[in-house]
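Read the structure below first, then the notes.
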Number of protein chains: 2
Amino acid sequence: MKTTLKDIAKECNLDISTVSRALSNDVRVKVKTKNIVKEVAQRLHYKPNLAARSLAAGRTKMIFLLLGSLEGTLERRAAGFGSSYINSKGFDLYISLHNSDPEVYQRQFERISLGLTDGAIISPNRQINSQVLYDNCLRDDIPVIFFDQHFENLKTPVVTSDNHNAVQQLITDCLKKGAKKFYVLFDDSNSVEKIRKKSSIQYLRKNNVPYEIVSSEKTNALKIQSLKRESIGIIGTSQGKIISFYKENKNYLSTQDLIFACFDHWIGSCYPSRNVVYAIQNYEKMISTAIDKIVEFTETKISIKSEIFKVPILEFKIIDS
Amino acid sequence: MKTTLKDIAKECNLDISTVSRALSNDVRVKVKTKNIVKEVAQRLHYKPNLAARSLAAGRTKMIFLLLGSLEGTLERRAAGFGSSYINSKGFDLYISLHNSDPEVYQRQFERISLGLTDGAIISPNRQINSQVLYDNCLRDDIPVIFFDQHFENLKTPVVTSDNHNAVQQLITDCLKKGAKKFYVLFDDSNSVEKIRKKSSIQYLRKNNVPYEIVSSEKTNALKIQSLKRESIGIIGTSQGKIISFYKENKNYLSTQDLIFACFDHWIGSCYPSRNVVYAIQNYEKMISTAIDKIVEFTETKISIKSEIFKVPILEFKIIDS
DNA sequence: ATGAAAGCGCTAACAG
DNA sequence: CTGTTAGCGCTTTCAT
């Protein structure tokens, strides 16, 4: 059965409060008493009840990380690195997934202000009005910071990559490698994709490069086709998206000279393209920034501001065939 | 400020206990009273404090999922599917990562029995004696089930893939595709790798197929090399491992006829091999089995048994070039 | 149908 | 240095 402070107090003939102090290394307790208490605690396999502690102390040292899924490299790495990083601050990170399900998202979001966490980092679901949920947390003084996704209409703090510059750099690299026209695979499925799409178009227009936007619904209708072999840049979010686009249009694309551009990583050789360029997002900086803000808030109670933290791309990589 | 039952009680001129009942839809409370209470609760933005509830009720409906990382397909998918699956049972899943760090692992493991979770599913770290940690949880009646990794010397419940059969089927497929000799890339880094290695060797021996075990430390010393072009099977845990092995031995391997075999997924074409065969583990079945067991335990308090649940492979896929 | 009261396990004043 | 006391917010008997 569960050992409590009471059990230890009885065993030591001390008051429960002294035991509590002894275990939290309070300077007021005699060293000798401390030792006895600690030894008894160990012998009885004492473990503090965090729910009780939280109730009494008003904090849990737990931070919540709510993500859509773990399929993206950024989110995966952020989760992995964030766990370690937060540990070094004496906190714990609890990750939860909403799988882009609005109901789950809302439910998880609401759980934040239920007394078990001191704050949260959230990669939002765009189908839901996060502002309401965010305001809920604010009202209860629970700090929340958004991660990766950024909605212009929301008054919330956000940590995000500098997607605008990233995309333009990727296109520049493709152009250097000889790309003469582009397929842009970004869609409108979330705010990151939107920004990337918008920036791509803006930059391609500015440079007078022909392009076609290919949303995932109507991939088979490639307009810009020509019989002669050309150098084509294909830019999209991930290796997976690019590869499946390629497969769907293999007949045409396999006859062309291709240059792929995407984010975060590329596994294997650049085949069937001639070159792959990709932008590695600085997930460490992103998640640590978010964590720093949250922790700072819980320790100082100075209110969190509705700021945008744009984190530059970590590195641009080029794979040659 | 935080609204509590007390605030609602005051506002409604009711006792706090009636409010509590009304909000939990207790049949004893008059419908009219219930409606009033609920309306006031909403107006005051009432949210229950889970720590307090947990303390009073003795359960949290939270299950802990402790994983090494999210880099593996199995773990990622299990986390994703598990979150949804457990929601349908009225529970929540909290994922935490130990990044193969023994200290973090121990710390997270110990957190399980700290009163915030009703149970846990754990992908263990082999550097740590999990038995002790497991016994700790048992003593406090916290159900724990191990996931994926299986240690023969531990008396614990475990859900794992049928790796033995999986490996033999993969090898069979390679042989059918013409493989005449093998490189086995499994190592001893964890219990799954160990079983896969052992089963590979056993099966290759039985079928008199020449093979070489290539641990990641000494990859450059390939023994079985010949000048003539041969059909070579390369079997390992993931696409990543196989590709990096290939790269390290490109001079020799690029002249050979290759067949790759691995687990869970393969992105892109099978190039530079002729065929890729891979075994998709049934992560849905694995995680749902684990969740079912944990939930069953928390609801019935019937003690969890030290059983092994072997989940068969979901599907074997073959990619042709 | 509602209220009163005990208590879950712990922390944190306040005494002494 | 240690004990006493009063909660934290909620659930749950036991009365009425």
Side-chain angles (χ1 to χ4, degrees), chain A residues 1-38 40-41 44-62 111 113-118 140-142, chain B residues 1-38 40-41 44-62 111-118 140-142 298:
Chain A
M1 290 296 88
K2 285 244 179 206
T3 306
T4 69
L5 289 187
K6 210 172 169 181
D7 301 321
I8 302 175
K10 211 180 295 170
E11 182 83 7
C12 299
N13 276 319
L14 284 170
D15 188 83
I16 180 176
S17 57
T18 309
V19 174
S20 172
R21 283 188 210 107
L23 290 177
S24 58
N25 245 318
D26 195 303
V27 281
R28 290 169 296 183
V29 181
K30 231 195 308 185
V31 179
K32 197 177 166 187
T33 319
K34 272 190 205 173
N35 291 142
I36 296 174
V37 170
K38 283 179 183 169
V40 172
L44 299 185
H45 302 288
Y46 169 76
K47 276 156 264 162
N49 181 322
L50 292 189
R53 178 177 291 174
S54 146
L55 198 56
R59 44 138 75 241
T60 58
K61 294 231 173 191
M62 291 169 57
R111 270 189 99 88
S113 38
L114 263 37
L116 290 179
T117 46
D118 292 345
D140 296 335
D141 283 323
I142 311 276
Chain B
M1 287 294 90
K2 285 247 182 205
T3 307
T4 69
L5 289 188
K6 210 173 170 180
D7 302 321
I8 302 176
K10 210 180 294 168
E11 182 84 8
C12 299
N13 276 318
L14 284 170
D15 188 83
I16 181 176
S17 57
T18 308
V19 174
S20 171
R21 285 189 206 106
L23 290 176
S24 59
N25 245 318
D26 195 302
V27 281
R28 290 169 296 182
V29 180
K30 231 195 309 184
V31 179
K32 197 178 163 186
T33 320
K34 270 189 206 173
N35 290 142
I36 297 173
V37 170
K38 282 178 184 169
V40 172
L44 300 184
H45 301 289
Y46 169 76
K47 277 155 261 162
N49 181 319
L50 292 189
R53 178 177 288 173
S54 146
L55 197 56
R59 44 143 66 240
T60 58
K61 295 234 175 189
M62 291 170 55
R111 269 189 100 85
I112 295 164
S113 38
L114 262 38
L116 292 179
T117 48
D118 291 345
D140 295 335
D141 283 322
I142 310 277
T298 68

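Below, chain A is the first sequence line, B the second, and so on; all start at residue 1.
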Nearest-nucleotide pick for [X], side chain only, options being [options]:
{"X": "Leu14(A)", "options": "dC10(C), dG9(D), dT2(D)", "answer": "dT2(D)"}
{"X": "Asp15(A)", "options": "dG9(D), dT4(D), dA1(C)", "answer": "dT4(D)"}
{"X": "Pro48(A)", "options": "dT2(D), dC10(D), dC10(C)", "answer": "dC10(C)"}
{"X": "Arg53(A)", "options": "dT11(C), dT12(D), dT2(C)", "answer": "dT11(C)"}

Does a side-chain N or O from [X] land closer than 4.0 Å to OP1 or OP2 of [N], or not?
{"X": "Lys6(B)", "N": "dG9(D)", "value": "no"}
{"X": "Thr33(B)", "N": "dA1(C)", "value": "no"}
{"X": "Thr18(A)", "N": "dG3(D)", "value": "yes"}
{"X": "Thr4(B)", "N": "dG9(D)", "value": "no"}

Classify the side chain of Arg21(B) and the base of dT13(D) as holding, or not holding, a donor-acceptor pair under 3.5 Å.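 Donor-acceptor pair under 3.5 Å: yes.
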base_contact_polar (dT4(D) base, Ser17(A) side chain, donor-acceptor, <3.5 Å):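 Check passes, donor-acceptor contact within cut-off.
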Check: [Y] main-chain N/O paired with [X] side-chain donor or acceptor under 3.5 Å:
{"X": "Thr3(B)", "Y": "Leu44(B)", "answer": "yes"}
{"X": "Asp15(B)", "Y": "Ser17(B)", "answer": "yes"}
{"X": "Asp140(B)", "Y": "Lys2(A)", "answer": "no"}
{"X": "Lys47(B)", "Y": "Gly115(A)", "answer": "no"}
{"X": "Thr298(B)", "Y": "Asp118(B)", "answer": "no"}

Rounded interatomic separation in angstrom, taking [atom1] from [X] and [atom2] from [N]:
{"X": "Lys10(B)", "N": "dG3(C)", "atom1": "NZ", "atom2": "P", "value": "15 Å"}
{"X": "Leu55(B)", "N": "dG9(D)", "atom1": "CG", "atom2": "P", "value": "12 Å"}
{"X": "Asn49(B)", "N": "dC10(C)", "atom1": "CG", "atom2": "C1'", "value": "14 Å"}
{"X": "Lys61(A)", "N": "dT11(C)", "atom1": "NZ", "atom2": "C1'", "value": "15 Å"}
{"X": "Arg28(A)", "N": "dC14(C)", "atom1": "CZ", "atom2": "C1'", "value": "10 Å"}
{"X": "Arg59(B)", "N": "dC8(C)", "atom1": "CZ", "atom2": "P", "value": "19 Å"}
{"X": "Ile16(A)", "N": "dG7(D)", "atom1": "CD1", "atom2": "P", "value": "17 Å"}
{"X": "Lys2(A)", "N": "dG9(C)", "atom1": "NZ", "atom2": "P", "value": "9 Å"}

Reckon Asn13(B) touches a base, only the sugar-phosphate, or nothing at all at heavy-atom distances under 4.0 Å?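 It contacts sugar-phosphate atoms only.
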5'-most contact on DNA chain D: Ala52(A) or Val31(A), nearest heavy atom basis?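 The answer here is Val31(A).
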